[in-house]
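Below is one structure, written out as structure tokens; comments come after it.
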Amino acid sequence: MRLPWLIPPLAAAMLALAPAAVAEGLPDLGDVAQVDLSPQAEKQIGASIFRDIRLREASYLDDPEITGYLNRLGMRLVAHSGEARQDFQFFVLRDSTLNAFAMPGGYIGVHTGLIAAAQSESELASVIAHEISHVTQHHLARMVGKQSQAQLVSMLALAVAVLAARSNSELATGAMMAGQAAGLQSQLNYSRDFEREADRLGINLLENSGYDIRGMGSFFERLQNFGRLYENNAPVYLRTHPLTTERIADMGNRISQRPYRQVPDSLDFLLVRAKLKAQEDDAREAVTHFASLVKERKFSSEPAAYYGYAVALTRLKDWAGAERELGQARRFKAASPMVETLAAELRRQQGDADGAFRLLRAAAQRYPQERAVSYALMETLLGAGRLDEAQQLGVADVQLYPSDTRMLGLLAKTYALLGKVARQHRTQAEVYVANGQLLAAIEQLQFAQQARDGDFYDQAQIDARLRELKRQQAEEMRRR
Ligand SMILES: [Zn+2]
């Protein structure tokens, strides 16, 4: 049986790169074995598992607004971690169970069920702060302990599979069956010492980032209650991050020593939760849910309730109805790019491309960093056949975000529609490079060479890039 997300053999070779003493300078945690795993190797292993999840895991949530929000929240915390390398990446899996997990190298996955269960933004931030601390302290690598290098790779893959396991997925079962050692799962839980350390550092991150540290106490208590309710089906998070009475008391102590701080939820947090809720279940049920929320005024945020109502209505293709409810959300001066992209989409669906452009161009001015706005603008241009403008936008955008596979894909599509074959393949090659698929990238560049419709400058670029990728490919073959 295939071990899910098993790391390709090349990662084994990467491990040999730099067996630096990672554990140096870390707090002493008793007899924890020293780990021969450099931060670079951790990063490469994490990147490889993450790529696999992104490309193959059906529950991977490919929503730039939700992912964008989670990354803003995560990076706000990371900024206070004192970590010199801050290339963390946060992603979401559409799964109703309560779980979050950290992979080596700073890749942190969060289930939609956990976002839904958080009753405040500080609660969500508290779990993420805890996970960030597992990463900055290299707990996963230290938990797996001293192994032969080949074993280390598969143990880490296995650890991630266990941490990420979802209640009904084959993931856990597959990982268990592939597991070399009996009772492996029990070894793959974070130890009490690691948990205490992640709690302590997590609370500091929360506090320094301006969140309400009581969020951590209340969320872990809620998790514990879930655990009591569903004794045999306790959240996987509790199995992998054992929650003891002592831990809760410890958290309570730390929290009670700090001054009280009221921190309101951001509008984005409320909108993200509404969007997730509106996409759950049957479309009609979702519409009924939000209709009764606004009717009975049982919401924690009125604009978010109307926004969720609008999202739910789009699932029934009731564009006019959705526009009406989104208008209600706007009455509260709900300023968010999520409102603008939805408004533009509703205009577009009703045949008003110009109206969609006006909204998106204004949103792009106001929120220049928001990826979802750039994608929507690009898609609207393509849909309207305004290919030259799409090319202009795409070219400028990939200069800023050279490994953004979604934008690269849209630009490749633009070139295809324009009949610029060499540039189409040249751009598609970069999509594959970003996905770690070197051979496919090389093939695309060869197509680009054969196309011969590029100018001298294009050809020179294609040749140079092809030489570079071939060299990389040869290097990887040598390492295997
Ligand atoms: Zn933990």
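Atoms within each ligand, like the ligands themselves, are counted from 1 in listed order.
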Under 2.8 Å from the Zn ion (ligand 1), how many protein N/O/S atoms do you get? Just the number, please. 5
The criterion is ring-ring contact (aromatic ring centres under 6.0 Å, His included); which residues satisfy it with Phe88, sequence neighbours excluded? none
Below 30° counts as parallel, above 60° as perpendicular, anything between as tilted: where do the rings of Phe332 and Tyr306 land? parallel
Tyr309: what forms a ring-ring contact (aromatic ring centres under 6.0 Å, His included) with it, not counting sequence neighbours? none
Test item: side-chain donor near acceptor, Tyr375 and Glu65, under 3.5 Å: no
Does a donor on one side chain sit under 3.5 Å from an acceptor on the other, for His134 and Glu195? yes
Below 3.5 Å, can you tabulate the donor-acceptor pairs from side chains in residues 284-295 to any protein atom, sequence neighbours excluded?
| from | atom 1 | to | atom 2 | distance (Å) |
| --- | --- | --- | --- | --- |
| Thr288 | OG1 | Arg284 | O | 2.7 |
| Ser292 | OG | His289 | O | 3.1 |

